2 protein chains.
Amino acid sequence: MINVLLVDDQPLLRMGFRLVLETQPDIAVVGEAGDGAEAVAQVAALAPDVVLMDVRMPGMDGLEATERITRDHAGSRVLILTTFDLDEYAFAALHAGAAGFLLKNVQPAEMIAGIRTVAAGDGVVAPRLTRVLIETFTRLNRARTGSADDPRLDRLTDREREVLIEMAKGLSNAEIATELGLSEATVKTHVSRILPKLGLRDRVQAVVLAYQTGLLRPP
Amino acid sequence: MINVLLVDDQPLLRMGFRLVLETQPDIAVVGEAGDGAEAVAQVAALAPDVVLMDVRMPGMDGLEATERITRDHAGSRVLILTTFDLDEYAFAALHAGAAGFLLKNVQPAEMIAGIRTVAAGDGVVAPRLTRVLIETFTRLNRARTGSADDPRLDRLTDREREVLIEMAKGLSNAEIATELGLSEATVKTHVSRILPKLGLRDRVQAVVLAYQTGLLRPP
DNA sequence: GTAGCCGTACATCGGCCGGTGGACCTTCGC
DNA sequence: GCGAAGGTCCACCGGCCGATGTACGGCTAC
């Protein structure tokens, strides 16, 4: 049995949801709340499996409530249900820890399926948002994995790229020499070839370039 | 009317899909393919709205086919349909440009809904994966927005932090002086205070730290 | 084969950098 | 009122850096 808490500032809407959900034998509406603060209190008292949460509410809004609930009551999972396709709300909601994000114009069957999905520990996102999520994900991941290569880097030889990477770790020429098993003179030669090729003044700018192109990335 | 191309190396499975899909008045199966190469050719010939794509196939697999299709035929959107919850396939598929990713054990109704969603330009992802996608998204985004502050940075004064940021952009002391309206001597003083506070040897390492702590981030 | 690129290595020189020590001023807290 | 902390400025010195020129062996391509 999935215990659900309804959170919305419109009593009529809560009533509608309750009627829809109670047609399902495996779903029970165990409580209601009219704002964020009340929602947090209800979650603490009732420990529902799923919280059906509106975003825009007087007082504490749904996002802050979601953040508190997911932080303090990991057992309860939050499914955001909001009016329109407000992307900023969506991303904020996911950051706040929501397990799902649906629009209020979904079919009842989809909403019910979403509740079951969230209760099972999985995630559900409105189709329009799923697309944005995928795009953002691939873009971020591409930036991380460093396929945003600067064309200038292609002009470097393999060895030069190696030296550049060591340089970008903050090593001195002598340290790079030790690291790569070279003489310091050789490293200096490489460095003196790398910088003009990349149009840079000194190794400091080389580090900047290395991070900005994704040649190196924050760990 | 949504034109669909079926891609799977098992003819029986294609037959099953075709029977299911043809119960829908707004969906038409316009072609089939048994491997990736054939799929690419069929997409070029038929320009279907949606490609229902298997991953594991002899010859060119579904991922490479997806990559080519989304690159060369932006009008056709690919919905990956694979056997089990292979996360690595999922992420690779999204990177390859897939608009959706479902498991073959979905209900027919969900698959049909997924096809409509993808045809409408939106995205659809299996619930289990949606969760991972959300987690990855929030994690990546958090890393980007730089909440991974190093406690050492707290020991810097406001002005020192300012100088550090300029330094991390690759500027020389003289340039920082101009930028902040100071004398070069002052900048040198700040730098000489910053480095020991952070336990660093030179400004190169300061740049590394700035990027690794998220004080600066790739654009 | 020979011209060219790459990788290795050296010497020298000017310049920026970083350390040290000192100085003055403002702001804040006791 | 006065010390502490932050911010601004200066001079000097040693050191690493980057530029320049030069050199040699290996490999590839023509």
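Proteins get letters first, then strands, A, B, ... in listed order; numbering begins at 1 in each. None of the values given here were measured: they were computed from a predicted structure.
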Using atom names, set out every protein N or O paired with an N or O of nucleotides 22-25 of chain D below 3.5 Å, distance rounded to 0.1 Å.
none

Heteroatom pairs (N/O) under 3.5 angstrom, protein to nucleotides 28-30 of chain C:
none

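One can place CZ of B:Arg203 at 15 Å from C1' of D:dG15, the figure rounded to the nearest angstrom. Taking atom CD of A:Glu160 as the reference point, atom P of C:dC6 lies 7 Å away to the nearest angstrom. With rounding to whole Å, B:Glu184 atom CD is found 6 Å from C:dC17 atom P. Put simply, CG on B:Asp202 is 9 Å from P on C:dG19, counting in whole angstrom units. Going from atom NZ of B:Lys188 over to atom P of C:dC16 covers 10 Å, rounded to whole Å. Protein atom CZ of A:Arg159 is 15 Å distant from nucleotide atom P of D:dC27, rounded to whole Å. With rounding to whole Å, B:Arg201 atom CZ is found 11 Å from C:dG19 atom P. Separating the NE2 atom of A:His190 from the P atom of C:dC10 is a distance of 13 Å, rounded to the nearest angstrom.
In this structure, B:Ser183 reaches the D:dC9 phosphate: one of its side-chain N or O atoms is under 4.0 Å from OP1 or OP2. The side chain of B:Thr157 contributes no N or O atom lying less than 4.0 Å from OP1 or OP2 of D:dA5. A close approach under 4.0 Å does occur between a side-chain nitrogen or oxygen of A:Thr186 and OP1 or OP2 of C:dA9. Proximity of B:Ser192 to the phosphate of C:dG19: a side-chain N or O atom is located under 4.0 Å from OP1 or OP2.
Distance alone, capped at 3.5 Å, is enough to place a donor-acceptor pair between the B:Arg203 side chain and the B:Leu171 backbone. Side chain of B:Gln42 to backbone of B:Glu38: no donor-acceptor contact under 3.5 angstrom is found. In this structure a side-chain-to-backbone donor-acceptor pair under 3.5 Å is missing from B:Asn173 to B:Ile176. Formation of a donor-acceptor pair under 3.5 Å by the A:Asp158 side chain with backbone atoms of A:Arg161 is not found in this model.
The pair A:Arg68-A:Glu64 counts as a salt bridge, with a side-chain nitrogen and a carboxylate oxygen less than 4.0 angstrom apart. Ion pairing between A:Lys104 and A:Asp8 holds under the 4.0 Å rule for side-chain N and carboxylate O.
Nearest nucleotide to the B:Val191 side chain, out of D:dG18, C:dA9, C:dG18: C:dG18. When each of C:dG7, D:dT20, C:dA9 is scored by its nearest atom to the side-chain atoms of A:Asp158, the top-ranked nucleotide is C:dG7.
Under the rule for a salt bridge (Lys or Arg N to Asp or Glu O under 4.0 Å), the partners of B:Asp122 that lie at least two apart in sequence or sit in another chain are A:Arg128.
For the side chain to side chain contact (heavy atoms under 4.5 Å, CB included) with A:Leu79, the lone residue among A:Thr66, A:Ile115, A:Thr117, A:Val4 that qualifies is A:Ile115. With A:Ile194 as the partner, the side chain to side chain contact (heavy atoms under 4.5 Å, CB included) test is satisfied by one option alone out of A:Val163, A:Thr157, A:Thr189: A:Val163. Among B:Ile27, B:Val118, B:Ile2, the one residue that satisfies the side chain to side chain contact (heavy atoms under 4.5 Å, CB included) test with B:Asp49 is B:Ile2.
In this structure, the separation between CG on A:Asp54 and CG on A:Leu6 is 11.0 Å, given to the nearest 0.5 Å. The line from CD of A:Glu166 to OG of A:Ser172 is 11.0 Å long, rounded to the nearest 0.5 Å. The CG atom of B:Leu102 lies 11.0 Å from the OG1 atom of B:Thr82; values are rounded to the nearest 0.5 Å.
Contacts classified as salt bridge (charged side-chain N to carboxylate O under 4.0 Å, His left out) and involving residues 170-194 of chain B (residues at least two apart or in different chains) are given here: A:Arg201-B:Glu175.
Note that the two end axes of the helix from C:dG1-D:dC30 to C:dC30-D:dG1 enclose an angle of 40°, each drawn from 5 base pairs, rounded to 10 degrees.
Taking every heavy atom of residues 171-180 of chain A and every atom of DNA chain D, pairs under 4.0 Å involve A:Ser172, A:Asn173, by number.
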